[in-house]
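What follows is a short report on a single structure.
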Amino acid sequence: MLWSKTLIPTTREVPADSEIISHQLMVRAGLIRRISAGVYDWLPLGWKSLMKVNAIIRHHMNAIGAQEIHMPALLPADLWRQTGRYSDYGPLLFKVKDRRNSEMILGPTHEECVTELVRAYITSYRQLPLTLYQIQSKFRDETRPRNGLLRVREFFMKDAYSFHPSLESLTQTYNDMFKAYVNIFAQCGVPAIAVEAESGPIGGDSSHEFICPCDAGEDVIVQAEDGTYCANLERAVPAEAGQKSFADAPAIAPEPFTTVETPHATSIESVCTLLKITPQQMIKTMVYQRVGAPDAPPVVACVRGDHEVNESKLRRLVGPVELADEDAARSKGFAIGYVGPHVANSIGVTLVIDADALMVTGATTGANAPFLHVTNFSFAARIDPQKAGAPIVADIRNVAPGDRSASGSPLKFSKGIELGHVFKLGTKYTDALGAVFADEKQVNHSMIMGCYGIGPGRILVGAIETGHDVDGIIWPMNIAPYEVVITPIKFEGNVATAATELYEKLKALGVDVLLDDRDQRPGVKFKDADLIGIPLRVVVGDKGLSAGQLELKMRSKKEPSLIALDGAAELLADMVKTLRAIK
RNA sequence: CGGGGCGUGGCGCAGCCUGGCUAGCGCGCUUGACUGGGGGUCAAGAGGUCGCAGGUUCAAAUCCUGUCGCCCCGACCA
């Protein structure tokens with residue numbers, strides 16, 4: 001491609017509405033343009049990279065026998081009502097009405113649609129397993145789109161869905177997918193580590209996320225320093241968290257259970273400062289309400305003062321809950337800011353106690369009255385199981401610095417971008433939609449599903465977050481919009497002829513090449529070439545030509561080198577092939 | 001949804017508090033000349049209903065009200 005014939009609107013200035021480096025560079029290099037919050041145009045350079053990512057994904061999906069299909073973005077709302085997700089998805093779902101007033105949605109994901117499809121055609125175990133995939137736009141009405149392509153309302157997603165007659169079959173495909181994902185990210189040249197993630201309905205080791213480690217990421221991952229454990233913070237389990245029940249609460253005779261005045265000290269920190277104690281000596285008591293049923297008995301969660309409630313874990317135990325509305329909770333008798341676990345003795349709640357919190361004795365916690373805390377609290381002494389119901393004891397906290405893995409190795413924390421997710425779904429959708437198959441004995445069973453997503457746009461974000469310098473993007477060869485850029489010092493005379501000749505030869509050799517034929521000063525061309533990050537740059541200049549030489553510079557390297565004009569195209573084509581192969 | 005901030009040529013901003021000449025600056029763009037290995041210089045230009053609507057005023061980019069849009073923090077996020 002000739003630079004003058006395409007659209008590469010580079011800018012020197014950082015766009016005002018961007019925060020993270022990948023967003024800034026994608027706009028400055030002319031890859032994308034925002035048209036509305038979380039909605040972007042893909043310009044030629046960005047689109048070319050995205051198509052390369054998609055081609056890599058396709059290759060690896062096809063290699064494990066998945067079949068590509070295309071499904072509509074516009075879906076009937078009824079289908080989503082049948083699985084309950086019309087309401088579960090809530091305001092995240094884009095809803096539209098057609099002229100007949102029928103409700104439609106813009107698909108945020110396609111489990112319903114693909115299951116409906118498979119239900120229609122698959123009736124026998126002989127037709128299974130089957131894996132279908134799509135790469136297409138998905139829509140989510142995010143509360144807060146942000147960070148360029150990291151969180152958007154319309155985005156591309158590769159989603160694969162597999163259907164199985166047995167768990168063994170599902171596991172086989174899951175493992176194939178897992179390996180395909182490793183290969184996809186490697187071939188794209190973007191770092192990705194597999195971590196254990198929310199496991200869903202089947203439990204166990206049945207869900208992994210692939211995370212690109214970088215500070216711009218929104219996910220927190222937990223890794224054991226010895227490399228034996230890797231999990232999303234949502235899921236990470238502290239090694240010490242054994243199976244405990246309320247009966248395990250230490251029955252130490254408590255010191256006098258006293259009430260102390262703590263005016264305006266509603267946080268763990270402020271109470272600690274006031275009473276000169278440490279957070280480890282406190283019990284934090286959080287009030288949650290049932291999602292969609294704010295009048296149902298609340299859930300009260302207790303963790304040690306230095307710990308945080310992990311809402312994912314809590315939800316797995318008690319169902320969908322959210323932090324209670326403060327005013328509503330106060331009207332029910334909760335002294336928000338001064339709640340203690342023993343509130344369960346007087347108000348009907350579901351009490352959930354973290355295993356670590358349970359073991360604290362002589363704790364300080366809220367007195368269930370404004371401006372008051374109590375000291376020398378212990379669960380065994382102060383919770384009356386008759387009145388408080390049967391308290392649930394479980395791991396409901398986030399792991400924290402200081403925790404160790406099962407192997408005894410310290411846990412470290414880092415941020416990352418979720419690039420992909422493989423997931424054993426089970427029969428949630430096939431049950432709801434009646435997607436059944438007949439086995440050898442003509443007995444019907446719901447098909448067992450797996451689903452496997454990748455965000456191609458996020459692969460670009462991850463590649464840029466982890467591959468850039470002060471001058472711009474440094475693309476990996478396989479997803480670079482062009483593999484070689486030719487930069488003539490001046491696009492005239494011999495130089496233009498030589499540059500054009502090299503350009504034609506490289507094209508003929510199957511290299512994706514960009515020729516900067518603009519009438520611009522060399523400095524402008526160099527700056528732009530660096531900004532858009534093409535892996536190989538060839539400079540054609542008078543001085544070099546008279547010596548029969550060209551200058552070659554790798555974007556990732558600091559120093560250029562000289563190559564002979566004769567055979568330059570072949571040499572470059574070889575280099576490109578070599579760099580494509582590096583995984 | 002809560003908190004904070006911003007809407008002024010394509011981009012980045014000043015002007016607003018304290019209303020008043022023709023609304024400025026940098027980048028980019030056009031034309032010409034010089035220049036030609038890291039966003040060059042000079043000259044001459046084009047380009048803006050100051051987000052939108054209403055109000056106050058002799059007079060509104062500036063003050064008031066409403067509204068729309070966007071960004072950041074939080075909440076939320078298969």
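All heavy atoms count here, side chains included; hydrogens, waters and symmetry mates do not.
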Comparing nearest nucleotides in RNA chain B, the 5'-proximal residue of the pair A:E311, A:E13 is A:E13
For B:rC17, which nucleotide is its Watson-Crick or G-U wobble mate, given both distances must be under 3.5 Å?
-> none
May I ask you to say what A:V539 touches in the nucleic acid, namely base, sugar-phosphate or nothing, with a heavy-atom cut-off under 4.0 Å?
-> base
Quick one: which protein N/O atoms are closer than 3.5 Å to N/O atoms of nucleotides 67-73 of chain B? Pair and distance per line, please.
from: B:rC70; atom 1: OP1; to: A:S36; atom 2: OG; distance (Å): 3.1
from: B:rC70; atom 1: OP1; to: A:A37; atom 2: N; distance (Å): 2.8
from: B:rC73; atom 1: OP2; to: A:R144; atom 2: NH1; distance (Å): 3.4
from: B:rC73; atom 1: OP2; to: A:R144; atom 2: NH2; distance (Å): 2.1

Measure the NE2-OG1 distance between A:H164 and A:T430 for me, rounded to the nearest 0.5 Å.
-> 11.0 Å
Determine the Euclidean distance between corresponding P atoms of B:rA23 and B:rG51; express it in Å to zero decimal places.
-> 15 Å
Nearest-Å distance once atom C1' is located in both B:rG74 and B:rU18 = 36 Å
Residues 24-36 of chain A vs salt bridge (Lys or Arg N to Asp or Glu O under 4.0 Å), sequence neighbours excluded, gives A:D17-A:R34
Would A:F185 and A:F210 count as a close aromatic pair, with their ring centres under 6.0 Å?
-> yes
Answer with yes or no whether the side chains of A:H110 and A:Q134 bring together a donor and an acceptor at under 3.5 Å.
-> yes
What distance, rounded to whole Å, do you find between the two C1' atoms, one in B:rC58 and one in B:rC13?
-> 33 Å
Under 4.0 Å between any heavy atoms, over every strand shown, what does A:T143 touch: base, sugar-phosphate, or nothing? Just pick one.
-> base
Check nucleotides 38-40 of chain B for protein N or O atoms closer than 3.5 Å to its own N or O atoms and list the pairs.
from: B:rG38; atom 1: O6; to: A:R537; atom 2: NH1; distance (Å): 3.1
from: B:rG38; atom 1: O6; to: A:R537; atom 2: NH2; distance (Å): 3.1
from: B:rG38; atom 1: N1; to: A:D530; atom 2: OD2; distance (Å): 2.9
from: B:rG38; atom 1: N2; to: A:D530; atom 2: OD2; distance (Å): 2.3
from: B:rG39; atom 1: O2'; to: A:R12; atom 2: NH1; distance (Å): 2.5
from: B:rG39; atom 1: O2'; to: A:R12; atom 2: NH2; distance (Å): 2.5
from: B:rG39; atom 1: N1; to: A:D528; atom 2: OD1; distance (Å): 3.1
from: B:rG39; atom 1: N2; to: A:D528; atom 2: OD1; distance (Å): 3.3
from: B:rG39; atom 1: N2; to: A:D528; atom 2: OD2; distance (Å): 3.4
from: B:rG40; atom 1: N9; to: A:R521; atom 2: NE; distance (Å): 3.4
from: B:rG40; atom 1: N7; to: A:R521; atom 2: NE; distance (Å): 3.2
from: B:rG40; atom 1: N7; to: A:R521; atom 2: NH1; distance (Å): 3.4

How about A:F156 and A:W47: are their ring centroids closer than 6.0 Å?
-> yes
Which part of the nucleic acid, if any, lies within contact of A:E112, taking any heavy atom under 4.0 Å across all strands shown: a base, the sugar-phosphate backbone alone, or nothing?
-> nothing
Given A:K428, A:E112, A:E116, the one that forms side-chain hydrogen bond (donor to acceptor under 3.5 Å, both in side chains) with A:T83 | A:E112
With heavy atoms under 4.0 Å as the rule, sort A:Q520 into base, sugar-phosphate or nothing.
-> base
